Number of protein chains: 2
Amino acid sequence: MKLTPPTIKDIADRANVSISTVSRALNNKSVVRQDTRTAVLEAAKLLGYEVNVFARGLAGGQSMTIGVVSREIGCTLYDTVMQGVIRGFAGTGYSPIFIEGQSGEDFGGEMIQKLISRRVDGIMTLGGDDTFPENLLNHLPEELPAIVIGKSVKGWEKRCVVTDNFGASYQATQLLIENGHRDIAIIRGDMHIQDAISRYDGYCKALEDANLKVLPDLIQNGDFLAHSGLMGIHALLARGKPFTAVVCGNDQMAIGAKLALQRRGIRVPEDVSLIGFDDEPLSAYVSPPLTTLRQSGVEMGRIAAKGLIDLISAGSCELPLLACELVERESVAKLRST
Amino acid sequence: MKLTPPTIKDIADRANVSISTVSRALNNKSVVRQDTRTAVLEAAKLLGYEVNVFARGLAGGQSMTIGVVSREIGCTLYDTVMQGVIRGFAGTGYSPIFIEGQSGEDFGGEMIQKLISRRVDGIMTLGGDDTFPENLLNHLPEELPAIVIGKSVKGWEKRCVVTDNFGASYQATQLLIENGHRDIAIIRGDMHIQDAISRYDGYCKALEDANLKVLPDLIQNGDFLAHSGLMGIHALLARGKPFTAVVCGNDQMAIGAKLALQRRGIRVPEDVSLIGFDDEPLSAYVSPPLTTLRQSGVEMGRIAAKGLIDLISAGSCELPLLACELVERESVAKLRST
DNA sequence: GCAGAAAATGAAAACGCTTGCATCATTTTG
DNA sequence: CAAAATGATGCAAGCGTTTTCATTTTCTGC
């Protein structure tokens, strides 16, 4: 590797133009004549020129850096979203940097400072709870392009990449209802998290639309981890209120629930149907294979990245509402007539 | 947010010193008098100063950026390693940027250029296959600090963060042997990947040390995905050579294998014992719960981050060989005397 | 109390790029 | 055909740091 990479000065010499022209040609400003531009571009290519991000950033140009800020990660979905983000930015010149806020962190403070310090060209937020990402967004300079992933934030609807959790959950619950189930329990995810809330709402709506009651005895809280699914079943059972199906906040909890049921001698799906969310890699390989609603984290990340780039360059972006795909496997069965 | 963040000039004015002194004080150079330093630091704090990474980078200082380059990710373990890396750098001032090389990418070219362009202070590589990360490392400037995660690279032993896959696999196989098993099959991971190779080697060594033969008929290739575990069992069974235990390259394949076995009416662990790797979140919640060797990706990432920082600041680092922890659950049983 | 050494500080030159303004070349217009 | 408008290019001033070198201050030993 060359110790001192070529600079625009080198290009300028080689192409017999001034460095300003080189800069303009490289940045696709319109004021360069076509043949000069190609000459410059050729010289640049020949020299293996790569812009010095720092110099550009300093000079007031773009930093080509995107700040991706999230609350504590640890949820499988957002891991894959990160992947999608990385891929989405690959080859675009932008580099995402990830900032993970510890819970309870002062988002207005340190985090913003870090973003400023790096002069990010845009930011993305990952995930949502009661206060995040609103607390961050509120402190952001108006003109900084931002995309929100995983929560539909008031006033930012056009800039949110979300899966239709409500609709998906509605669909899941409806599937259960169509199969004859009446006593449908739910093990919710962490209700501080937006996804959990939307899914719960979808469950309620589906029930109501079918003239079924939402019974507190059939509602159990979890935290998206398998263990809470398992404990959830025990809690549900302990209440004595019978149920024949359970909507689970995600696959992990569904699998925990499944285990708890099976250990108690309750068969899935013969006695109790189960449905999850996310379609994790393993969900197809448990017994019975889990019926679930698939959403692609990678896709979310990709879309968000593309959206943010559009936002930066064009000032606007088009973001589709991502639908979940129902993956019917074997954990849901028709209610046996008793 | 202030539109123009404070600069060292502002601090200098406020503390009645020159900007050079401010710079020195901020960077902990020894040549500043103690009281001047505190004065500067106070002023900086008061103004909410945050260094402009670009200016620093340009001026030849540090970029405070770490390049994390990997082959295609998609393996759950490396997702969590990424998390560990992010956390490991949190609060240190360094920001990792992730670069994912598509397979077949010319590592000597574009990728290096990007790293240079960003003037990274150090790099980390994630994962390993036949040629990666050697192909990258060879093109690196000598003086660039680098840490390798997931492969023990020749000549870089001191800079590799690896789990003892060989030892872990040896231990796994040994556990099976201790339980009386003689006919032990293996479903290997993708043999282009270092982890798969080491695990296979450990399996062979354990067998040999117990005077058992490594039989080609009991060796099956997989790709770390559950489906390949499932197919692996079918292939193994089709060969007709009986076996009573299977070492699987990771938990996903183990769970795929388990399903295949159960579907064929072969009981786990009564008829065939199964052992996996990685201890994925769900591994404890399948039936029977999977015996496995746990390794912590987050821990790997953390350690690597710390190591790299040491390397950058002190010129050397201490990296422990990470041991896997045997998690005994219920997928391994004593061989029934026939 | 002073010479000289050591320590602390300041002035100014990079670092590589963008960009406003001035300049020069090329068209267009009257 | 001259004058004005337009288009393309060059010049030079930053951007906020670090760092070298020179200068000033403080300390040491006599």
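Quick note on labels: first sequence line is chain A, next is B, and so on, each numbered from 1. Please read these numbers as outputs of a predicted model, since none were measured by experiment. Just so it is clear, the values below take in all heavy atoms, side chains as well, and ignore hydrogens, waters and symmetry mates.
If you take CD of B:Q62 and C1' of D:dT19, they are 14 Å apart, rounded to a whole angstrom. The distance from atom CZ of A:R119 to atom C1' of D:dG16 is 8 Å, rounded to the nearest whole Å. What separates CG of A:L58 from P of C:dT19 is a distance of 13 Å, to the nearest Å. As a whole-Å value, the separation of A:D13 CG from D:dG10 C1' is 14 Å. When the P atom of D:dG16 is taken as reference, atom CG of B:D10 falls 9 Å away, rounded to whole Å. Summarising the geometry, the separation between CD1 on A:I8 and C1' on C:dC17 is reported as 5 Å, rounded to the nearest angstrom. The interatomic distance linking B:M64 (CE) with D:dT18 (C1') rounds to 14 Å, in whole Å. As rounded to whole Å, 12 Å separates atom C1' of D:dG16 from atom CZ of B:F54.
Sorted by first then second residue, the salt bridge (Lys or Arg N to Asp or Glu O under 4.0 Å) pairs that include residues 55-69 of chain B, not counting sequence neighbours, number zero.
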Can you check nucleotides 4-14 of chain C for protein contacts, nitrogen or oxygen pairs under 3.5 Å, and list what you find?
{"residue": "C:dT9", "atom": "OP1", "partner": "B:T36", "partner atom": "OG1", "Å": "2.7"}
{"residue": "C:dT9", "atom": "OP2", "partner": "B:R33", "partner atom": "N", "Å": "3.0"}
{"residue": "C:dT9", "atom": "OP2", "partner": "B:T36", "partner atom": "OG1", "Å": "3.3"}
{"residue": "C:dG10", "atom": "OP2", "partner": "B:S18", "partner atom": "N", "Å": "2.6"}
{"residue": "C:dG10", "atom": "OP2", "partner": "B:S18", "partner atom": "OG", "Å": "3.0"}
{"residue": "C:dG10", "atom": "OP2", "partner": "B:T21", "partner atom": "OG1", "Å": "2.7"}
{"residue": "C:dG10", "atom": "N7", "partner": "B:R24", "partner atom": "NH2", "Å": "2.7"}
{"residue": "C:dG10", "atom": "O6", "partner": "B:R24", "partner atom": "NH1", "Å": "3.3"}
{"residue": "C:dG10", "atom": "O6", "partner": "B:R24", "partner atom": "NH2", "Å": "3.3"}
{"residue": "C:dA11", "atom": "N7", "partner": "B:S20", "partner atom": "OG", "Å": "3.2"}
{"residue": "C:dA11", "atom": "N6", "partner": "B:S20", "partner atom": "OG", "Å": "3.1"}

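Considering every non-hydrogen atom in both B:V162 and B:G150, the closest pair reads CG1-C, 3.8 Å.
Applying the salt bridge (Lys or Arg N to Asp or Glu O under 4.0 Å) rule to B:K158 yields no partners; only residues at least two apart in sequence or on another chain are considered. The side-chain contact (heavy atoms from CB on, under 4.5 Å) check on A:S316 picks up nothing, with sequence neighbours excluded. Partners of A:R118 by side-chain contact (heavy atoms from CB on, under 4.5 Å), not counting sequence neighbours, listed by chain and number: A:I97, A:V120, B:V53, B:M64, B:T65, B:S95. Legend: residues meeting ring-ring contact (aromatic ring centres under 6.0 Å, His included) with A:F224, ordered by chain and number and at least two apart, are absent. Applying the side-chain contact (heavy atoms from CB on, under 4.5 Å) rule to A:A59 yields no partners; only residues at least two apart in sequence or on another chain are considered.
B:S23 comes within 4.0 angstrom of a base, heavy atoms only.
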Donor-acceptor pairs are to be reported for all side-chain atoms of residues 37-48 of chain A against protein atoms at under 3.5 Å, with residues two or more places apart or in another chain.
{"residue": "A:R37", "atom": "NH1", "partner": "A:A25", "partner atom": "O", "Å": "3.4"}
{"residue": "A:R37", "atom": "NH2", "partner": "A:K29", "partner atom": "O", "Å": "3.1"}
{"residue": "A:T38", "atom": "OG1", "partner": "A:Q34", "partner atom": "O", "Å": "3.3"}
{"residue": "A:T38", "atom": "OG1", "partner": "A:D35", "partner atom": "O", "Å": "2.8"}

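End-to-end axis angle of the helix from C:dG1-D:dC30 to C:dG30-D:dC1, using five pairs per end and rounding to 10°, comes to 30°.
For C:dC15, neither phosphate oxygen OP1 nor OP2 lies less than 4.0 angstrom from any side-chain nitrogen or oxygen of A:N52.
Between the side chain of B:D121 and the main chain of B:I66, no donor-acceptor pair closer than 3.5 Å is present.
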